[in-house]
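We use all heavy atoms of the structure for the numbers below, so side chains are in, but hydrogens, waters and symmetry mates are not. The chain is numbered in sequence order, starting from 1.
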Amino acid sequence: MDERLAALICLVGSVMTISWSGPAHYYLDIESGILAVDILALLGFVGVALRSKRFWPLWVAGFQLTSVLSHFIKALHWSLIPQVYAAAERLWIYPILLAIVVGTWRSRRYWRQSGEINATPA
């Protein structure tokens, strides 16, 4: 269940990022629409981590926190090169997706080995 919720947060976040960011976002200033989406995603991932019995949601929330902090780095250093800001903000989705995939795989493997193949993981 945690895996599905985390994947849903990623999917909704991606759609919201596309719709909330302007057509000409060049990362010259703080991207407020993307910042809002990142904060909402962080809240969602923290919620998943708080209710989960697994460890991987903590990693996902931590990676998302790093993404949110990249916006504050831009706020502190206006001279930050736009490409660096964009890379720092966008980079963290890859470890997030990897953690979800590995967490899903390990969770399914655990349930298979415990003999509860048809049981729904908590």
Measuring from atom [atom1] of [X] to atom [atom2] of [Y], what distance do you get when rounded to the nearest 0.5 angstrom?
X	Y	atom1	atom2	result
Glu3	Ser52	CD	OG	7.5 Å
Leu50	Phe45	CG	CZ	13.5 Å
Ser14	Ile93	OG	CD1	5.5 Å
Leu28	Leu80	CG	CG	11.0 Å
Arg54	Thr104	CZ	OG1	10.0 Å

Is there a path of hydrophobic side-chain contacts, each under 4.5 Å between heavy atoms of I, L, V, M, F, W or Y residues, that connects [X] with [Y]?
X	Y	value
Ile9	Tyr94	yes
Val101	Leu8	no
Trp78	Ile34	yes
Leu5	Val102	no
Val37	Val15	no

Aromatic rings Trp59 and Phe63: how do their planes relate, parallel, tilted or perpendicular, breaks at 30° and 60°? tilted
Hey, is the main chain of Glu31 close enough, under 3.5 Å, to the side chain of Tyr85 for a donor-acceptor pair?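 Pair found, side chain donor or acceptor close to backbone of Glu31.
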Can you tell me if Gln64 uses its side chain to pair, donor with acceptor, with the backbone of Gly62 under 3.5 Å?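 Between the backbone of Gly62 and the side chain of Gln64 there is no qualifying donor-acceptor contact (under 3.5 Å).
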Are Arg108 and Trp105 in a cation-pi setup, meaning NZ or CZ lies under 6.0 angstrom from the ring centre and within 45 degrees of the ring axis? no
Would you name the heavy atoms of [X] and [Y] that are closest together and state the gap between them?
X	Y	result
Pro95	Trp92	CD-O, 3.2 Å
Ala75	Ile30	CB-CD1, 3.4 Å
Val68	Asp38	CG2-O, 3.6 Å
Ile100	Ala7	CD1-N, 4.2 Å
Cys10	Ile96	SG-CG2, 3.9 Å
Trp20	Gly33	CE3-O, 3.7 Å

Does CG belonging to Leu76 count more than 12 external heavy atoms closer than 6.0 Å? yes
Side-chain ion pair, Lys53 and Asp2, N-O less than 4.0 Å: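 Salt bridge flag = no for Asp2 with Lys53.
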Going by the side-chain hydrogen bond (donor to acceptor under 3.5 Å, both in side chains) test, name the single residue among Arg90, Gln83, Lys74 that passes it with Tyr27. Arg90
